[in-house]
Colleague: 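One structure is given below, represented as structure tokens, and several questions about it will come after.
These figures come from a predicted structure and were not determined experimentally.
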Amino acid sequence: QVQLVESGGGLVQAGGSLRLSCATSRLTFSLYDMGWFRQAPGKEREFVAGITSIDRTSSTDSVKGRFTVSKDNAKNTVYLQMNSLKPEDTAVYYCAAGYRVTDFNAGMPYWGKGTLVTVSS
């Protein structure tokens, strides 16, 4: 079955950077739209950033100018570069895949298990 495996999470001080990776298998990666989501303790999961099969990117307002989503079709991997991290970015970060996604918030069929990002103040 389709597999998505996130990596790159960890503990970082405020102002620092991390790059998350999501390696996929058993899907035609270049045809899929990929999204990054996060869930902070006690909060609902929220959309962070996404990149479509034709490399159109989008992100939520709170991360604009700090986070960048990209992908490498040859490696079947999507990335989330996170700079200027803030304590409020602390969350479990998930990647997700969908085909011809019209709205990243409308539901994605495939999900990874997540990677924890902790930003200390």
Side-chain angles (χ1 to χ4, degrees):
Q1 66 272 23
V2 173
Q3 291 186 330
L4 286 73
V5 180
E6 303 93 339
S7 61
L11 174 64
V12 63
Q13 288 188 333
S17 298
L18 283 175
R19 189 177 81 154
L20 305 183
S21 300
C22 174
T24 70
S25 59
R26 299 187 180 92
L27 59 75
T28 308
F29 181 80
S30 63
L31 298 182
Y32 276 73
D33 302 324
M34 302 298 299
W36 285 98
F37 298 76
R38 67 186 178 186
Q39 186 166 19
K43 295 188 177 181
E44 293 186 354
R45 187 168 59 193
E46 65 171 348
F47 169 74
V48 176
I51 184 166
T52 70
S53 61
I54 57 172
D55 291 344
R56 287 181 180 169
T57 62
S58 58
S59 61
T60 193
D61 287 346
S62 63
V63 308
K64 286 186 189 302
R66 300 189 298 123
F67 291 11
T68 302
V69 59
S70 62
K71 63 186 176 87
D72 185 333
N73 287 339
K75 295 183 178 180
N76 295 338
T77 299
V78 61
Y79 304 97
L80 184 67
Q81 178 67 43
M82 305 186 296
N83 300 327
S84 302
L85 282 160
K86 304 175 181 180
E88 51 264 43
D89 295 318
T90 294
V92 177
Y93 283 72
Y94 301 88
C95 72
Y99 183 67
R100 292 186 178 179
V101 173
T102 56
D103 180 355
F104 280 104
N105 287 304
M108 302 284 278
Y110 304 113
W111 291 84
K113 293 183 179 180
T115 186
L116 177 63
V117 172
T118 304
V119 184
S120 64
S121 57

Colleague: Hydrophobic side-chain clustering at under 4.5 Å (ILVMFWY, transitive links): who's grouped with Tyr94? Put none if nobody.
Modeller: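 When side chains under 4.5 Å apart are linked, the cluster holding Tyr94 also contains Phe37, Phe47, Val92, Val101, Phe104, Met108, Trp111, Leu116.
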Colleague: Who passes side-chain contact (heavy atoms from CB on, under 4.5 Å) against Ser25, sequence neighbours left out?
Modeller: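 Once residues adjacent in sequence are excluded, the partners of Ser25 under the side-chain contact (heavy atoms from CB on, under 4.5 Å) criterion are Gln3.
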Colleague: Who are the side-chain contact (heavy atoms from CB on, under 4.5 Å) partners of Val63, not counting sequence neighbours?
Modeller: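 Counting only residues at least two positions away or on another chain, Val63 forms a side-chain contact (heavy atoms from CB on, under 4.5 Å) with Arg38, Val48, Ser59, Thr60, Arg66, Phe67.
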Colleague: Using the disulfide bond (SG atoms under 2.5 Å apart) rule, collect all pairs that involve residues 28-77, keeping only residues at least two apart or in two chains.
Modeller: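 Applying disulfide bond (SG atoms under 2.5 Å apart) to every pair that reaches into residues 28-77, excluding sequence neighbours, yields nothing.
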Colleague: Between side-chain atoms of residues 78-88 and protein atoms elsewhere (two or more places apart, or another chain), which donor-acceptor pairs fall under 3.5 Å?
Modeller:
| unit_1 | atom_1 | unit_2 | atom_2 | d |
| --- | --- | --- | --- | --- |
| Gln81 | NE2 | Asn83 | OD1 | 2.9 |
| Asn83 | OD1 | Ser17 | OG | 2.9 |

Colleague: For residues 79-121, pull every pair meeting disulfide bond (SG atoms under 2.5 Å apart), keeping only residues two or more places apart or in separate chains.
Modeller: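 The answer is Cys22-Cys95.
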Colleague: Would you please name every residue forming a side-chain contact (heavy atoms from CB on, under 4.5 Å) with Val5, sequence neighbours left out?
Modeller: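 With sequence neighbours excluded, Val5 shows a side-chain contact (heavy atoms from CB on, under 4.5 Å) to no residue whatsoever.
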Colleague: May I have all residue pairs that pass disulfide bond (SG atoms under 2.5 Å apart) and include part of residues 49-79, sequence neighbours excluded?
Modeller: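 Output for this query is empty, none listed.
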Colleague: Tell me whether Thr90 contacts the main-chain N or O of Val119 through its side chain, where contact means a donor paired with an acceptor under 3.5 Å.
Modeller: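 Looks like yes, one N/O pair under 3.5 Å.
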Colleague: Quick one: salt bridge (Lys or Arg N to Asp or Glu O under 4.0 Å) pairs with a partner in residues 12-34, sequence neighbours left out?
Modeller: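 Sorted result for residues 12-34: empty, none.
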Colleague: With Asp55, which residues qualify under side chain to side chain donor-acceptor pair (under 3.5 Å), at least two apart?
Modeller: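 So Asp55 forms a side chain to side chain donor-acceptor pair (under 3.5 Å) with Lys71.
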Colleague: Can you give me the closest heavy-atom contact between Met34 and Ala97, atom names plus distance?
Modeller: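 Smallest heavy-atom distance, with atoms named: SD-CB, 3.5 Å.
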Colleague: Mind checking what makes side-chain contact (heavy atoms from CB on, under 4.5 Å) contact with Arg56, not counting sequence neighbours?
Modeller: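 Arg56: side-chain contact (heavy atoms from CB on, under 4.5 Å) contacts with Thr52, Ile54.
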